[in-house]
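This is a predicted model, so every value here is computed, not measured.
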Amino acid sequence: MLIPEVTMTLGAMETRSDPIVRYRGVRKSYGELEVLKGIDLDLYAGEKVAVIGPSGSGKTTLARILMTLEHPTEGTVEVNGEHLWHRLVRGRLIRADEKHLHRVRSSIGMVFQHFHLFPHMTILRNVTEAPISVLKIPKEQAITEALELLDKVGLKDKAEEYPIRLSGGQKQRAAIARALIMKPQVMLFDEVTSALDPELVGEVLRVIKELAEDGSMTMMLITHEMDFARDVADRVIFTDGGLIVEQGTPEEIFERPQSERLQMFLSRFRSGMGKESVR
């Protein structure tokens with residue numbers, strides 16, 4: 001489906017009205033290199049959206065802009081109907097200050113490629129640090145919630161271990177628990193298996209799939225795992241050259257790709273040529 005706007009008749013979306021996240025005309029440049037070239041994209045409450053594409057196509061930059069780790073060069077992003085990077089003052093959009101950014105992005109969580117756990121803290125403290133210091137949740141409540149989440153991701157018995165004692169897959173599951181305890185409305189997963197040994201990939205994808213099946217959380221899944229995208233996503237978006245080239249249901253994207261570029265991209269995986277990395 002070679003269109004920039006979402007016009008598919010996804011069953012999960014037919015009753016939805018306003019998107020929880022809205023990108024409009026979003027561009028991002030690094031010097032003369034433009035990695036996003038005017039992106040329009042909506043994410044709806046409870047929707048699971050997989051973003052696929054070759055290296056340098058801009059898919060990670062989409063997530064980093066939403067997480068306020070990168071500033072858009074042009075365009076706007078809204079979360080729950082409120083501008084993220086701007087404030088509306090007397091009918092004009094002005095650049096938001098850090099206080100506004102922090103408040104609006106508080107409903108967004110992100111799990112990164114490389115875990116970013118604090119090495120000097122136990123896994124339990126890694127998970128409880130933010131809710132105690134940022135959300136001001138009482139310590140005992142935070143510990144109770146953290147242990148429940150660690151149990152959910154299969155790490156309750158590792159609560160008092162330090163990250164150095166965990167495998168890569170276990171560290172990534174701990175990072176997922178750390179993001180979940182903040183109760184985000186939107187969760188971003190940025191190539192969360194790309195730094196893992198192949199034998200550890202399955203355990204992390206299994207946890208994410210269970211989260212997708214169990215909860216109403218909106219998810220943006222930037223991934224090179226095509227089978228995972230097919231199984232988990234309500235909608236798959238293919239980016240290339242800083243543009244959304246094609247989007248649709250998993251069946252439409254993987255079984256009936258329309259663009260020559262998407263057909264070529266998918267053929268790389270089907271022929272066993274390997275996985276493409278992400279900017």
Side-chain angles (χ1 to χ4, degrees), residues 1 3-24 26 39-53 59-60 62-68 76-84 103-112 131 135 145 148-149 152-153 172-173 175-193 204-223 225-239 244 246-254:
M1 202 165 288
I3 52 176
E5 298 290 339
V6 181
T7 57
M8 307 88 68
T9 55
L10 292 178
M13 294 177 59
E14 288 173 348
T15 59
R16 296 176 183 157
S17 52
D18 295 333
I20 191 170
V21 173
R22 186 193 299 268
Y23 296 79
R24 285 296 179 270
V26 173
I39 296 293
D40 293 335
L41 174 63
D42 293 338
L43 304 179
Y44 291 84
E47 187 183 18
K48 313 324 182 219
V49 176
V51 185
I52 63 173
K59 51 190 186 291
T60 283
L62 274 175
R64 289 179 64 83
I65 286 174
L66 184 57
M67 195 62 189
T68 71
T76 62
V77 180
E78 296 176 38
V79 179
N80 286 319
E82 187 170 8
H83 284 285
L84 175 62
R103 181 177 59 78
V104 179
R105 76 178 174 218
S106 64
S107 62
I108 302 165
M110 188 167 182
V111 182
F112 300 87
L135 300 182
E145 293 180 7
E148 290 175 355
L149 285 170
K152 189 170 187 176
V153 301
Q172 195 58 285
R173 286 185 280 145
I176 291 171
R178 183 180 59 181
L180 287 173
I181 200 169
M182 300 300 284
K183 299 178 176 63
Q185 290 180 281
V186 182
M187 182 74 91
L188 312 176
F189 294 91
D190 179 22
E191 294 280 14
V192 294
T193 61
V204 174
L205 295 183
R206 189 160 47 249
V207 167
I208 297 173
K209 186 175 181 180
E210 289 172 358
L211 292 174
E213 292 171 346
D214 291 346
S216 58
M217 183 186 303
T218 303
M219 294 183 177
M220 178 188 283
L221 306 143
I222 297 158
T223 184
E225 301 286 347
M226 298 298 109
D227 289 340
F228 174 69
R230 181 197 294 266
D231 289 344
V232 171
D234 300 310
R235 176 163 45 120
V236 179
I237 292 171
F238 172 64
T239 61
I244 295 176
E246 195 164 343
Q247 61 181 303
T249 64
E251 182 180 8
E252 288 170 335
I253 293 299
F254 293 113

Please report the shortest heavy-atom distance between Met110 and Met187, naming the atom on each side.
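It is N-SD, 4.0 Å.
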Mind listing the closest non-hydrogen atom pair of Arg24 and Leu41 along with its distance?
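Looking at all heavy atoms of both residues, the shortest contact is NH1-N, 3.7 Å.
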Within a strict 4.5 Å, meaning less than it, do heavy atoms of the Leu211 and Lys152 side chains meet?
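Side-chain contact under 4.5 Å: yes.
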Can you tell me how far CZ of Arg235 sits from NZ of Lys48, rounded to the nearest 0.5 angstrom?
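Between atom NZ of Lys48 and atom CZ of Arg235 there are 12.5 Å.
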Is there a side-chain contact between Leu221 and Phe228 (heavy atoms, below 4.5 Å)?
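Side chain of Leu221 against side chain of Phe228, heavy atoms only: contact under 4.5 Å found.
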Between Thr68 and Val104, does a side chain to side chain contact (heavy atoms under 4.5 Å, CB included) hold up when you go through it step by step?
CA-CA 10 Å; Thr68 71; Val104 179; over 6 Å; no
Atom of Asp234, atom of Pro250 and distance for their closest heavy-atom approach:
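In terms of heavy atoms, the two residues are closest at O-CD, 3.5 Å.
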Ile52/Lys59 under side chain to side chain contact (heavy atoms under 4.5 Å, CB included): CA gap, chis, key distance, verdict:
CA-CA 7 Å; Ile52 63 173; Lys59 51 190 186 291; 5.6 Å; no
Determine, stepwise, if the pair Met67 / Ile108 fulfils side chain to side chain contact (heavy atoms under 4.5 Å, CB included).
CA-CA 7 Å; Met67 195 62 189; Ile108 302 165; 3.8 Å; yes
Could you walk me through whether Ile176 and Val204 satisfy the side chain to side chain contact (heavy atoms under 4.5 Å, CB included) test, starting with their C-alpha distance in whole Å, then the side-chain angles of each, then the deciding distance to 0.1 Å, before giving a yes or no?
CA-CA 9 Å; Ile176 291 171; Val204 174; 4.2 Å; yes
Measuring from Lys209:NZ to Asp231:CG, what's the distance to the nearest 0.5 Å?
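The distance works out to 4.5 Å.
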To the nearest 0.5 angstrom, please state how far the CE atom of Met220 sits from the CD atom of Glu47.
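It is 9.5 Å, given to the nearest 0.5 Å.
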At their closest point, which heavy atom of Ala177 faces which heavy atom of Val153, and how far apart are they?
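Looks like CB-CG2, 4.2 Å.
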